[in-house]
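Remarks on the structure that follows.
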Amino acid sequence: MKLEELLKSEVIAAINKLYSANIDASIIKIDKTPPEFEGEFTVVTFPFAKVSKKSPDATAIELGNALLQSSNIILKFNVVKGFLNISFKDAYWIDVLINIPVKNYANLNATGKKIVIEYGGPNTNKPLHLGHVRTMLIGYATANILEAAGNEVHKVNILNDRGIAICKSMVAYLRTGNDKTPQLENIKGDHFVGNYYVEYQKIFEQEVGVLAMEGIATEEAEKKAPIYIETVEMLQKWEAHDPEVLALWEKMNNWVYEGFNETYKKLGVDFEKEYKESDYYLKGKESVIDGLNKNVFFKKEDGSVWVDLTSDGLDQKVLLRADGTSVYITQDMGVAEERYKDFAMDKSIYVVANEQDYHFKVLKLVMQKLGEPYADGIFHLSYGMVDLPEGKMKSREGTVVDADDLIDVMITDAKEFLEASEKKIDIPENEKDNLYRQIGLSALKYFILKVDPKKRILFNPKESIDLHGNTGPFIQYTYARIQSIFRKLDETGFQPKDTTFNTLLSDEKELIVLLDHYPDIIKFAAENYSPAEVANYIYHLAKTFNKFYAGHSITKAESEEKLHLRVAIAYRVANVFRHGLGLLGIECPERM
RNA sequence: GGUCCGGUAGCUCAGUUGAAUAGAGCAACAGCCUUCUAAGCUGUGGGUCAUUGGUUUGAAUCCAAUCCGGAUCACCA
């Protein structure tokens, strides 16, 4: 953005000289010139018409001439309907190009800020699904982007490991499990435990059906089903620290964690620390009592503790039940407190679906009322739900897209595509599986990350994700083409060097202008917590490079100087692909 | 009902601190491989930016109202 700042100050000076008027930098609007017009940057001159007392066109021409006089990097300008399009000298852009570092480009200066970002948040009674995949991909990519933008970032997970749900799996296992284990059955641990959750539902419905035939109303039957009663008892025993129940709970949760870890690894996400709800759900109580003492919470006659948020436009919320046990928000208070002890963060980002918008508003307000130092830094990165063609995913109806299945399908599809293509990929047999994995995952990750997190996603499992157009594989492919050029050049003993380039074609200049933007894109993506910004930029860069590639040869450039110029461009474009895709958690195959 | 989020091409999405003729991809059609990887490139067709009104030199973008979709408003998590 250096150039735009420079241009702004020149505009201010020129307006002052021309019209003896002082204008504020904030009214100057400088855009990237759209491709259909000549120039690289455009100054919008409508706001100056007031001080020039002339038409925007006349003002633009006078301003353009003044800038041409005062600046030594402006080559020429043209005016269209009040828009002043400015072209800079090729020498300027070549200077920009060679000053783009080939290493650590777009790693911005340290901000000194510490950020904790939470994503994942699985329940331990069943395997991960597409919704978790979206959280994890958004969380992981956002963490990378924030880090590149100069922040100290800590990635954490929260495991919802207690409560009625896991007890359902436990009860069903006791009834029908016969001491089986995931190892014996050769099933991934989380799926193994999830199967008993499904089993619970089956038994439950059966028992409710039997009671219904005895003439009991459904609502009542659901509470009288023997397996439900057993589950409630199980939960009570868990809360009473019954050793047998605790042992079973731990055993089954550990199976689940083994399964989860496998999925994290496949997906390429990781965590610095995992918080278990069971470790902290009691700790939130201390904060609640603290709030009572500070008079920011109040106690009702029955002993339950509440916070009144009506003056903030919300309702009254319960923080502690009448029997003194915690509710959902109590444990989030406890975890937040613990997290601050661990990291003393300036900002806490929670990557959680938008169905919890209300919850996080409450959490932030409650922490602010308690005067916690990290309260203002709480930010809910709210993402839209993932829909299927037939509507919302529903575990009860079995329409949930399983994370492991999805990853496998993507990789298999990539494999089938490559095997069916006539192209001979010149890679060793033992590296092929890795390539299929890289491509399949890239299709999945890019598909999810290119969409603004706020928006809902429509996912159609029947149409396997595309590998053409605005996709991850398209960008990988563009990268691989560049690498192929470099391999060819290496064979000829080519040595890159800085020659004195003269002129630029518009396709070349366009690439340099785009490369110059990259650090600003990172900054913008970090400020907006939006991996989609990075994805869209990289796609645009790939598209622009392919246009250039189709029109001009690098290895057979018109001259030695052009060869070196184009190598310098291509090398930096490839670096940005690797860096940008890396932020999204996507790998770059050297050939494909 | 209150609150929040969304509605842009047949489909999936960009564009929303106001700015030129609203852009991509997919799908359809027509071209381009003796030349660095055709997963590519070029072109054609496709739009009441949900609707109406307002602010402005200028509105997909800001404001108001309405319609449609979703979420949420539990001593569930």
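A note on names: the letters A, B, ... follow the listed sequences, proteins ahead of strands, and every chain is numbered from 1. Since this is a predicted model, take the numbers as computed values, not measurements.
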Q | 5'-most by nearest nucleotide on RNA chain B - A:Thr555 or A:Lys450 | A | A:Lys450

Q) Is there a Watson-Crick or G-U wobble partner for B:U34 with both distances under 3.5 Å, and which nucleotide is it? A) none

Q) Choosing from B:A20, B:U37, B:C75, which nucleotide comes nearest the side chain of A:Ser484? A) B:U37

Q. For B:C41, does either OP1 or OP2 sit under 4.0 Å from a side-chain N or O belonging to A:Lys543?
A. yes

Q. What integer number of Å spans the P atoms of B:U52 and B:U8?
A. 16 Å

Q) Looking across every strand, which nucleic acid part, if any, lies under 4.0 Å from A:Asn160 by heavy atom: base, sugar-phosphate, or nothing? A) nothing

(Q) Should the side chain of A:Thr42 and the base of B:A19 be counted as holding a donor-acceptor pair, with the cut-off at 3.5 Å? (A) no

Q: Identify whether any heavy atom of A:Gln316 sits under 4.0 Å from a base atom; if not, whether one sits that close to sugar-phosphate; answer base, sugar-phosphate or nothing.
A: nothing

Q. Hey, is the side chain of A:Arg321 poking within less than 4.0 Å of OP1 or OP2 on B:A77, counting only N and O atoms?
A. yes

**Q.** Separation of atom NZ in A:Lys454 from atom C1' in B:U8, rounded to whole Å
**A.** 16 Å

**Q.** B:C67: pairing nucleotide in any strand, Watson-Crick or G-U under 3.5 angstrom
**A.** B:G7

Q: Determine if A:Phe37 stacks with B:A20; use a centre-to-centre distance below 5.5 Å and an interplanar angle below 30° as the criteria.
A: yes

Q.
Can you tell me how far apart CD (A:Gln316) and CZ (A:Phe298) are? Round to the nearest 0.5 Å.
A. 4.0 Å

Q | Donor/acceptor link under 3.5 angstrom from A:Asp332 side chain onto base of B:A77 | A | no

Q.
Salt bridge or not between A:Glu558 and A:Arg566? Use side-chain N to carboxylate O under 4.0 Å.
A. yes

**Q.** Syn-anti status, with the boundary at 90° from 0, for the nucleotide B:C5
**A.** anti

Q. Side chain of A:Ser304, base of B:C75: donor and acceptor closer than 3.5 Å?
A. yes

Q: Please determine if a side-chain N or O atom of A:His468 lies less than 4.0 Å away from the OP1 or OP2 oxygen of B:G40.
A: yes

Q: For residues A:Val256 and A:Thr124, report the shortest heavy-atom separation together with the two atoms involved.
A: CG2-O, 3.2 Å

Q) Base, sugar-phosphate alone, or nothing: which one does A:Asn85 contact when heavy atoms must sit under 4.0 Å apart? A) base

Q) Which of the following nucleotides, B:A39, B:U37, B:A77, is nearest to the side chain of A:Val327? A) B:A77

Q: Look at the side chain of A:Tyr358 and decide which nucleotide, out of B:U37, B:U72, B:C75, has an atom nearest to it.
A: B:U72

Q.
Return the pairing partner of B:A77 with a 3.5 Å limit on both distances, Watson-Crick or G-U wobble; otherwise return none.
A. none

Q) Is the ring of A:Tyr539 stacked on the base of B:A24, with centres less than 5.5 Å apart and planes under 30° off? A) no

Q | A:Thr42 and A:Thr33: CA distance, side-chain angles, deciding distance, side-chain hydrogen bond (donor to acceptor under 3.5 Å, both in side chains) verdict | A | CA-CA 5 Å; A:Thr42 295; A:Thr33 306; 2.7 Å; yes

Q) Between A:Lys29 and A:Asp31, is there a side-chain N and carboxylate O pair less than 4.0 Å apart? A) yes

Q.
Between A:Arg456 and A:Asp387 (salt bridge meaning N to carboxylate O under 4.0 Å), is one present in this structure?
A. yes

(Q) Rounded to whole Å, please give me the gap between CG in A:Asn536 and P in B:U16. (A) 11 Å

Q | Closest-nucleotide 5' rank along RNA chain B - winner of A:Ala532 and A:Arg487 | A | A:Ala532

Q: Using a 4.0 Å heavy-atom cut-off across all strands, classify A:Leu489 as base, sugar-phosphate, or nothing.
A: nothing

Q: Could you work out the separation of B:A22 and B:U16 based on their P atoms and round it to a whole Å?
A: 16 Å

Q.
Applying a 4.0 Å non-hydrogen cut-off, can you work out what A:Phe83 is touching in the nucleic acid: base, sugar-phosphate, or nothing?
A. base

Q) Is the phosphate of B:A77, meaning OP1 or OP2, less than 4.0 Å from a side-chain N or O of A:Tyr328? A) no

Q. Is A:His552 touching bases, backbone alone, or none of the nucleic acid, heavy atoms closer than 4.0 Å?
A. base

(Q) Just the rounded figure in Å: distance from P of B:G70 to OH of A:Tyr383. (A) 19 Å

Q: Would you indicate, yes or no, if B:A38 has its OP1 or OP2 atom less than 4.0 angstrom from a side-chain nitrogen or oxygen of A:Arg481?
A: yes

Q: Using both distances under 3.5 Å as the test, list the Watson-Crick or G-U wobble partner of B:A60, or none.
A: none

Q. Reckon A:Asp31 touches a base, only the sugar-phosphate, or nothing at all at heavy-atom distances under 4.0 Å?
A. nothing

Q: Starting at atom CG of A:Leu381, determine the distance to atom P of B:C5, rounded to an integer number of angstrom.
A: 15 Å

**Q.** Salt-bridge present (A:Glu587, A:Arg578; N to O < 4.0 Å)
**A.** no

Q. Does a side-chain heavy-atom distance below 4.5 Å link A:Asp507 with A:Lys547?
A. yes

Q | Interatomic distance where CG belongs to A:Asn460 and P belongs to B:C13 [whole Å] | A | 11 Å

Q. Heavy atoms under 4.0 Å, any strand shown: does A:Gln476 hit a base, just sugar-phosphate, or nothing?
A. nothing

Q) For A:Tyr549, which contact category applies under a 4.0 Å heavy-atom criterion: base, sugar-phosphate, or nothing? A) base

Q: Classify the nucleic acid contact of A:Phe486 as base, sugar-phosphate or nothing, counting any heavy atom under 4.0 Å across all strands shown.
A: nothing

**Q.** Pairwise C1' distance, B:G31 and B:A14 [rounded to whole Å]
**A.** 28 Å

Q: Could you check how far OH of A:Tyr446 sits from P of B:A14, rounded to whole Å?
A: 11 Å

Q | Below 4.0 Å: OP1/OP2 of B:G70 and any side-chain N or O of A:Lys455 | A | no

(Q) What is the separation between atom CD1 on A:Ile521 and atom P on B:A14, rounded to the nearest whole Å? (A) 15 Å

Q) When the distance from CD1 of A:Ile485 to C1' of B:C36 is rounded to whole Å, what number comes out? A) 5 Å

Q) Say you pick atom C1' in B:U56 and the same atom in B:A19; how far apart are they, in whole Å? A) 12 Å

(Q) Does any part of the side chain of A:Thr325, heavy atoms only, come nearer than 4.5 Å to the side chain of A:Leu320, both counted from C-beta? (A) no

Q) Using atom C1' of each nucleotide, how far apart are B:A59 and B:A64 to the nearest Å? A) 15 Å

Q: Would you mind classifying the nucleic acid contact of A:Pro56 as base, sugar-phosphate or nothing, using non-hydrogen atoms under 4.0 angstrom?
A: nothing

Q: Both distances under 3.5 Å, Watson-Crick or G-U wobble: report the partner of B:A28, or none.
A: B:U44

Q: Run the salt-bridge test on A:Glu338 and A:Lys283 with the 4.0 Å N-O cut-off and return the result as yes or no.
A: yes

Q.
Under 4.0 Å, heavy atoms only, any strand: does A:Leu458 hit a base, just the sugar-phosphate, or nothing?
A. sugar-phosphate

